[in-house]
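Every chain is numbered from 1, with letters handed out A, B, ... down the list of sequences. On a predicted model such as this, the values are computed, not experimentally measured, just so you know.
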Amino acid sequence: MNRINQLFEKKKNNVLSIYYTAGYPGLGDTVSIAEALEKSGADMLEIGFPYSDPVADGPVIQASSKLALDSGMTLDLLFKQLKELRNKVTVPVLLMGYVNPVLQYGVENFCKACAEAGVDGCIVPDLPMYEYEELYQDVFLKYDICNVFLVTPQTSEERIRKIDGLSKGFIYLLSSSATTGQNLQVSDTTSAYFSRIKAMELKNPTMIGFGISSKETFDKACQYANGGIIGTAFVKSLQSPNPAEGVSSFMEEFTGTVLSQS
Amino acid sequence: MKAGLKVCGMRDLMNIQAVTALHPAYIGFIFYPGSARYIGSVDPELLSSIPATIKTTGVFVNETLEEVKRLIALYELKAVQLHGAESPEYCAALQPYTEVIKAFGVNYSFDFESLIAYEKVTSYFLFDTLTVNHGGSGKRFDWSLLKQYRLNQPYFLSGGIGPDDVNELASIDDKRLHFIDVNSRFEISPGLKDIELLSTFFTLWNAAPAAKNYNDMNYFVNEKGYYGDFGGAYIPEMLYPNVEELRQHYLEIINAPEFQQEFRALLKDYVGRPSPLYLAKRLSEKYNANIFLKREDLNHTGAHKINNTIGQILLAEKLGKKRIIAETGAGQHGVATATVCALRGLECVVYMGEIDIQRQAPNVARMKMLGAKVVSAVSGSKTLKDATNEAMRDWINNPIDTHYIIGSVVGPHPYPDMVALFQSVISEETKKQLLEQTGNDQPDYVLACVGGGSNAMGMFYHFVNDKDVKLIAVEAAGKGVHSGHSAATTALGKEGVLHGSRSILMQTDDGQVIEPYSISAGLDYPGIGPQHAHLFKTTRAEYVSVSDEESLDAGLLLTQLEGIIPAIESAHALAYLEKMEFTGKENVVVCLSGRGDKDMETYMKHFGF
């Protein structure tokens with residue numbers, strides 16, 4: 001069974017997933033950051049493979065992508081770095097990025113390389129549902145790679161049902177229709193949206209992401225979903241000179257919460 | 001080819017002249033005394049004023065052969081249309097004298113197999129509603145009956161076709177449908193046509209998407225949003241509701257008569273359309289061909305960009321949007337967007353790369369004067385592609401009240417189709433103007449420059465299904481295709497996804513987008529629109545490139561031979577003439593997409609004026 005499915009079998013609440021950009025801040029930091037995150041209590045990791053034109057991302061993740069690209073990060077190099085991943089890390093790992101690098105790498109090659117490296121899933125925001133279903137689903141299933149879809153407050157119920165049907169792993173609930181790195185405003189409308197999704201009793205677990213930057217916002221997310229995803233806030237914290245060391249201090253705030261409630 | 005139009009039942013002199021000005025393919029005159037539109041015995045002069053490119057057609061019902069032949073000779077009829085029980089032998093007897101169209105009234109018991117005997121002795125069939133009075137009922141028959149028609153003979157569709165039937169007619173998937181015959185539904189009284197109603201119908205019909213299945217190869221978008229292997233909507237979920245809203249409504253909104261009327265009125269009175277098709281005599285002499293320039297440079301704001309922004313702002317209003325965003329490279333699309341926002345009183349935010357803001361100060365000032373907010377894109381390479389990214393990010397963050405006016409035939413479906421539709425007015429006018437000026441609406445060559453490809457798509461649109469017309473798209477080679485400073489996308493690019501659609505783009509082996517270069521700010525885009533990628537891959541259009549140097553020389557040449565300073569973008573299209581060979585007979589249309597005022601500094605620097 002895929003590690004993502006295993007995780008949600010044994011942990012239904014307060015699942016903490018962390019996003020960071022491969023090759024940032026240093027080209028060779030990809031695996032050491034993963035190790036540090038697991039040690040500090042992360043339940044799941046999302047490693048971003050950088051792209052020159054990341055339209056869904058705000059300034060912080062854009063800048064990390066650009067720096068990683070300028071340092072020479074490529075999908076090829078990333079898969080080389082990930083060869084040692086499973087000797088050091090046991091939590092589920094997803095790759096997150098844009099569709100064009102995947103198409104150039106070849107979708108089948110990409111899924112195969114993911115499977116060989118022990119990557120469990122991927123999130124490709126600009127790969128449309130129609131193309132996934134028509135062209136690529138069989139390849140993803142063949143290598144047991146969970147493709148994770150996004151849902152926003154504007155996504156219709158009909159479409160959410162369709163996404164639920166196509167998903168394996170979990171569904172990524174965006175806290176608002178926004179690019180990454182904006183603060184989660186837990187207004188009445190967001191609460192209503194989260195409650196609406198919860199009431200749909202989807203077959204897949206849900207994780208809330210975008211705008212989760214503090215213990216307070218993480219706790220809020222966990223009220224409505226199986227857990228939360230922290231991206232921009234973590235990437236920002238990596239700007240310190242020794243990133244692996246910074247990880248544990250960043251994580252304390254969240255894992256403290258998680259441990260006390262689990 | 002889309003079906004042509006025939007107007008039938010004419011007899012009033014002024015009315016005939018007004019209909020002639022609309023350039024139908026056929027004008028019909030009813031020589032059947034039993035008809036309310038019987039022409040009577042009119043002066044042959046009445047018909048002789050009609051240009052030869054419009055076929056004058058006599059409509060008869062069981063008339064004697066001698067009388068028909070007499071009238072063909074008297075009125076110099078180019079065609080006869082037979083509505084009675086005329087036999088195949090009767091048709092055969094008329095064939096040496098004129099084109100023979102045999103009409104049949106169709107109802108549920110009509111036997112299409114009975115037409116076999118007529119196939120060889122006629123040029124066309126005409127299918128009309130079956131009535132005891134030999135047509136003229138003003139009612140439609142059930143067009144689905146045409147599925148039973150299995151012969152190859154092309155036909156006219158007639159009977160009760162009205163002003164609201166454009167979309168339904170455009171959806172008829174039958175390459176044998178060559179002409180559409182209209183009559184009583186466009187009348188003030190029998191024989192007197194309502195010119196305004198007809199004119200709107202002609203405009204709508206000409207603007208309707210070129211009948212998509214008239215060729216074995218479909219060069220236009222399919223129902224999934226694809227052009228062959230290209231297109232689609234590769235967008236994050238955050239953009240899905242906006243793009244889906246557009247996809248569901250754009251055709252319905254654009255094809256509505258009141259939208260078209262407003263759009264056409266603004267193009268005419270505000271933009272100054274139709275833009276002239278000018279036979280450049282001295283340039284023609286130099287290149288030994290008839291070179292026609294489609295003068296988009298004479299539009300308000302100085303380029304073709306305004307055709308699209310006018311269309312999209314009206315569409316945004318129909319969608320209830322209050323705020324407009326746009327990206328711009330050189331500032332031309334930004335100015336065109338700021339202009340229509342001022343015109344309609346909508347908030348306007350234009351994203352522009354930080355480097356471009358420095359390079360294009362006058363256009364930045366124009367946008368600001370027009371009331372737009374210009375936001376500097378500081379991400380990535382700080383040029384057009386990054387401005388596009390920033391505009392998309394804005395749209396993601398403002399999904400409800402904002403419409404994004406994309407300036408080229410790029411982006412997720414339906415943008416490439418929508419922008420092409422608004423720009424297709426360029427080729428729509430060109431065809432009409434060519435017919436008037438040369439007697440043939442098909443030239444030998446059509447040339448246009450390509451960055452994202454909006455002027456080229458507008459210029460190609462109505463010629464794409466005219467297989468004898470050679471389409472040439474000219475890309476910017478910059479300092480040379482392989483110099484590392486180029487924007488020649490088809491030469492250097494590979495298939496991939498850029499800005500929401502699958503197309504051809506310049507990228508590294510790892511799929512990172514490469515920043516292009518051209519001296520012309522309007523052409524330095526790393527991709528081309530998906531329809532262009534399809535026209536390239538199917539070889540329907542030829543994609544070539546010229547360098548900075550060649551385009552500047554061509555700009556100077558046009559200025560000194562014709563007194564027209566072209567935009568450096570347009571000068572790329574002109575520069576390719578230098579590489580072509582002509583025999584003196586060819587008709588060549590070049591899209592002069594914009595004027596060169598904005599490029600004076602570059603010209604000055606290069607030529608040392």
Side-chain angles (χ1 to χ4, degrees), chain A residues 49-59 61-63 65-66 69-70 72-78 97-106 110 123-131 134-135 149-156 159-160 163 171-174 176-182 210, chain B residues 224-226 229 231-245 327 377-382 384-400 402 411-413 494-503 505-515 526-527:
Chain A
F49 51 94
Y51 179 51
S52 53
D53 295 77
V55 291
D57 287 301
I61 294 180
Q62 280 174 46
S65 291
K66 184 159 194 321
L69 281 177
D70 291 348
M73 181 48 74
T74 63
L75 267 179
D76 239 352
L77 177 62
L78 176 60
Y98 293 82
V99 72
N100 195 50
V102 178
L103 292 178
Q104 300 312 313
Y105 199 83
F110 176 81
I123 307 170
V124 187
D126 60 343
L127 172 61
M129 196 159 54
Y130 166 74
E131 279 73 10
E134 293 287 313
L135 302 173
F149 291 97
L150 310 185
V151 161
T152 80
Q154 275 79 42
T155 310
S156 68
R159 193 167 161 84
I160 295 172
I163 286 171
I171 293 172
Y172 196 134
L173 299 185
L174 264 60
S176 62
S177 188
T179 46
T180 57
Q182 320 218 0
F210 281 39
Chain B
K224 300 286 185 198
Y226 274 83
D229 296 336
Y234 289 76
I235 45 165
E237 186 65 25
M238 298 82 104
L239 284 178
Y240 181 82
N242 305 39
V243 172
E244 181 62 10
E245 181 185 30
E327 84 295 337
V378 295
S379 62
S381 51
K382 305 178 174 63
L384 175 59
K385 84 178 174 69
D386 309 287
T388 308
N389 294 339
E390 286 304 332
M392 285 193 168
R393 287 180 188 120
D394 180 310
W395 210 22
I396 286 172
N397 286 297
N398 298 284
I400 310 289
T402 299
H413 176 69
K494 286 181 297 189
E495 293 181 20
V497 169
L498 176 67
H499 293 143
S501 60
R502 197 186 264 256
S503 186
L505 61 136
M506 291 165 57
Q507 54 183 318
T508 64
D509 291 339
D510 192 41
Q512 311 300 336
V513 182
I514 291 174
E515 186 62 22

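A:F110 and A:F49 have their aromatic ring centers within a separation under 6.0 angstrom.
For A:L150, the parts lying under 4.5 angstrom from a heavy atom of chain B are both the backbone and the side chain. Heavy atoms of B:D509 lying under 4.5 Å from chain A belong exclusively to its backbone. Contacts of B:L239 with chain A are absent, with no heavy-atom separation under 4.5 Å from either backbone or side chain. Contacts of A:P54 with chain B are made by both backbone and side-chain atoms, with heavy-atom separations under 4.5 Å. For B:I514, no part lies under 4.5 angstrom from a heavy atom of chain A. Using a 4.5 Å cut-off between heavy atoms, B:E515 does not touch chain A at all. Residue A:Q154 touches chain B through both its backbone and its side chain, counting heavy-atom pairs closer than 4.5 Å. No part of A:V124 comes within reach of chain B, as not one of its non-hydrogen atoms sits under 4.5 angstrom from that chain. There is no contact between A:Y105 and chain B, counting heavy-atom distances below 4.5 Å.
Counted within 6.0 Å of NZ on B:K494, heavy atoms from surrounding residues, nucleotides or ligands total more than 12; the atom is thus considered enclosed.
B:E244 pairs by the side-chain contact (heavy atoms from CB on, under 4.5 Å) definition with B:Y240, B:R247, B:Q248, not counting sequence neighbours. A:D126 meets the side-chain hydrogen bond (donor to acceptor under 3.5 Å, both in side chains) test with no other residue; sequence neighbours excluded.
Options A:T152, A:V99, A:V55 differ in how many heavy-atom pairs under 4.5 Å they form with chain B, and the most are formed by A:V55.
Among the candidates A:L127, A:D53, A:V102, A:L103, the single residue satisfying the side-chain contact (heavy atoms from CB on, under 4.5 Å) test with B:V497 is A:L103.
The aromatic rings of A:Y130 and B:Y226 sit tilted, their planes meeting at an angle between 30° and 60°.
Taking each heavy atom of B:P412 and B:V243 in turn, the nearest pair found is CG-CG2, 4.1 Å.
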